[in-house]
Amino acid sequence: MDIHRCRFFLEYEQRELCAAIEAAGARPVLMVLLPEGLFDGAWAGKAEKILREAREGCPPGVELCAGLPAGGLLLEPYGELPFAQGVAHYASAAGLAKQWGADSILVHRAGSLLQARAGVLGCRVPGLPVYVTMEIAGEGEDLLRGGNILSAFITLQELGIAAFGFYSAVAGILLEPLEVTAPCARIPLIALTRDLTGALPAPETRELFASRTCRFGELGAQWQGILGAGEPEITAAGEALVQAPPCSIPKTDYRGEEEIWAAGEQQVFYLDANLEFSEAIPCENDMADQVIRLEHEGEEAVCIQAETPEDGYTISLNNANFTQLPVVFFSDDETALDSVLFSYNGRALVDRRSLIPEDRLRQVAARYGAVVI
């Protein structure tokens, strides 16, 4: 067995437990959380100080992961921050993290696909591995700020992230999201929880953590963490993670040519190679009426023509309208196509009937996980 197939996240304050995780047979990942807020001089100064100290205090050979909070950025069209500005924040923050010794980046506690996607597009710029954790609501059926769990996973996995998972202080809430994502996962799944056991006797706490960890492992979460827990609980959980049976959930490959999975914020669209879509409509500031009309006319997908790089911002303002139909983008201009794919909140389709050479068309589409049809 590869003893590093399992990873265990530890907060920087738990760094003395790295040896216990190694002894259990898993690989420790030391997570240092950077400040909330947008990147500016004050933010950079605080983050640099945290990273410098964390790098110096990180045990030799242990992965240092810079955690960037994602849940506080309210992006257009649901907030006032332009999507591109959010992406730029993460790109600058991730670049600083790499400069000051981080080995990987965690886009942490995103509440929506929009927040997570901004984080991924920015954080992948410096070239470090990018992980994502998302917060969920209720009993685990939706994302915290709304949106479909499987749609978010499909979209982000196709952006090339290195691992994906969920955070919740209530561990039981993670079961359903893991069951939903495990069949489609080609990357490691993460389950991060928090120690809320309070005054439970130590033997009971260790048993609880071990059984919980084993169950998450059976659902495919080979990367885990229990924030705030102590050495006995962490050791028990680390041993249980390594000993957990392999995930037995049957796998689904959604990348075949005959079956096409597109995704919007609210749902996955299960399509086939015979998909028929609407005539190309131009980008406009408010496309709600156009999209509703096409939906009522029974179109399987809405095709949008991108002509200029400014069309990307128009798409970002319309993301709330693209929830009931998959989106196909058509463009003869490579920069315009790149712009709309950058801004679309989901996994889009790209019309191959373009003057852009097909090899370039596929390269642009692949950059955003889109499917050329």
Side-chain angles (χ1 to χ4, degrees), residues 75-77 83-84 87 112-121 124 147-148 150-161 184 254-257 259-284 287-288 290-291 294-295 299-354 356 358 360-373:
L75 303 160
E76 293 178 337
F83 180 75
V87 174
S112 68
L113 170 58
L114 195 63
Q115 291 175 337
R117 195 169 177 276
V120 171
L121 290 177
R124 72 182 188 179
N148 181 270
L150 184 58
S151 292
F153 174 65
I154 295 298
T155 299
L156 297 170
Q157 179 169 246
E158 294 308 314
L159 289 179
I161 60 176
C184 304
Y254 58 84
R255 296 171 297 161
E257 294 184 359
E259 185 177 18
I260 302 169
W261 288 23
E265 183 180 23
Q266 300 297 334
Q267 61 182 306
V268 176
F269 302 102
Y270 306 98
L271 312 169
D272 60 41
N274 298 316
L275 170 70
E276 296 183 2
F277 45 86
S278 73
E279 77 282 2
I281 61 175
C283 286
E284 297 176 349
M287 302 177 66
Q290 285 272 50
V291 174
L294 294 172
E295 181 186 349
E299 296 288 358
E300 296 181 70
V302 54
C303 182
I304 299 173
Q305 183 166 355
E307 297 182 341
T308 71
E310 289 71 29
D311 286 339
Y313 182 63
T314 302
I315 292 298
S316 72
L317 296 179
N318 279 277
N319 272 322
N321 299 319
F322 302 139
T323 59
Q324 301 303 314
L325 289 175
V327 174
V328 183
F329 288 112
F330 172 81
S331 182
D332 291 327
D333 183 280
E334 184 176 325
T335 304
L337 179 62
D338 187 285
S339 177
V340 293
L341 290 175
F342 171 89
S343 299
Y344 174 65
N345 192 33
R347 189 185 193 211
L349 308 172
V350 175
D351 190 339
R352 62 161 33 99
R353 296 172 298 180
S354 168
I356 302 172
E358 185 159 349
R360 290 297 305 157
L361 190 72
R362 292 188 176 277
Q363 288 177 25
V364 175
R367 194 177 301 149
Y368 302 100
V371 184
V372 179
I373 59 171

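Count residues from 1 along the sequence. Worth knowing before you read on, the calculation uses all heavy atoms, side chains too, and leaves out hydrogens, waters and symmetry mates.
- Shortest non-hydrogen contact noted between Asp333 and Thr335 is OD1-N, 3.0 Å.
- Counted within 6.0 Å of CD on Glu276, heavy atoms from surrounding residues, nucleotides or ligands total 12 or fewer; the atom is thus considered open.
- Ser151 places a side-chain N or O within donor-acceptor distance of the main-chain N or O of Val268, the cut-off being under 3.5 Å.
- Distance CD1/Ile154 to CZ/Arg347: 7.5 Å, rounded to 0.5 Å.
- The closest donor-acceptor contact from the side chain of Arg117 to the backbone of Phe342 lies under 3.5 Å.
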CA sep, side-chain torsions, deciding dist, call: Leu159, Leu121, side chain to side chain contact (heavy atoms under 4.5 Å, CB included): CA-CA 8 Å; Leu159 289 179; Leu121 290 177; 4.3 Å; yes

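- Annotation for Cys283 and Ile315: closest pair SG-CD1, 3.9 Å, computed over non-hydrogen atoms.
- Atom-to-atom distance recorded for Gln363:CD and Glu334:CD is 8.0 Å, nearest 0.5 angstrom.
- With sequence neighbours left out, the side-chain contact (heavy atoms from CB on, under 4.5 Å) criterion links Arg362 to Arg352, Glu358, Val372.
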Evaluation steps, side chain to side chain contact (heavy atoms under 4.5 Å, CB included), between Leu349 and Phe277: CA-CA 11 Å; Leu349 308 172; Phe277 45 86; over 6 Å; no

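- The structure places CZ of Phe153 at 7.0 Å from CD1 of Ile161, a figure rounded to the nearest 0.5 Å.
- Nearest heavy-atom pair, Asn148 versus Gln266, reported as atom, atom and distance to 0.1 Å: CB-O, 3.2 Å.
- The two atoms that bring Phe330 and Asp332 nearest to each other are CZ-OD1, 3.6 Å, heavy atoms only.
- One distance of note links OH of Tyr254 with CD of Glu158; it measures 3.5 Å at 0.5 Å rounding.
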Full working for side chain to side chain contact (heavy atoms under 4.5 Å, CB included) between Glu300 and Phe269: CA-CA 10 Å; Glu300 296 181 70; Phe269 302 102; over 6 Å; no

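- Contact check for Ile356 versus Leu337: side-chain heavy atoms found under the 4.5 Å cut-off.
- One finds the CG atom of Leu361 at 8.5 Å from the CG atom of Asp351 (value rounded to the nearest 0.5 Å).
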Would you tabulate the side-chain donor-acceptor contacts of residues 317-328 under 3.5 Å, counting partners in other chains and residues two or more places apart, or write 'none'?
unit_1: Asn318; atom_1: OD1; unit_2: Met287; atom_2: N; d: 2.8
unit_1: Asn318; atom_1: OD1; unit_2: Asn321; atom_2: ND2; d: 3.0
unit_1: Asn318; atom_1: ND2; unit_2: Glu284; atom_2: O; d: 3.0
unit_1: Asn318; atom_1: ND2; unit_2: Asn285; atom_2: O; d: 3.2
unit_1: Asn318; atom_1: ND2; unit_2: Thr314; atom_2: O; d: 2.8
unit_1: Asn319; atom_1: OD1; unit_2: Asn345; atom_2: N; d: 3.0
unit_1: Asn319; atom_1: ND2; unit_2: Ser343; atom_2: O; d: 3.0

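- Separation of atoms OG (Ser278) and CD (Glu295) is listed at 12.5 Å; rounding is to 0.5 Å.
- The side-chain heavy atoms of Arg367 and Leu341, taken from C-beta on, include no pair separated by under 4.5 Å.
- Residues Tyr344 and Ala263 approach most closely at OH-O, 3.3 Å, considering heavy atoms.
- In terms of heavy atoms, Ser316 sits closest to Pro77 at O-CD, 3.3 Å.
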Ring pair (Phe, Tyr, Trp, His ring centres under 6.0 Å) assessment of Trp261 paired with Tyr270: CA-CA 5 Å; Trp261 288 23; Tyr270 306 98; 4.9 Å; yes

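- A 4.5 Å side-chain heavy-atom check between Glu279 and Leu294 finds at least one atom pair inside the cut-off.
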Asp311 vs Ser339, side chain to side chain contact (heavy atoms under 4.5 Å, CB included): CA-CA, chis, key distance, verdict: CA-CA 7 Å; Asp311 286 339; Ser339 177; 5.7 Å; no

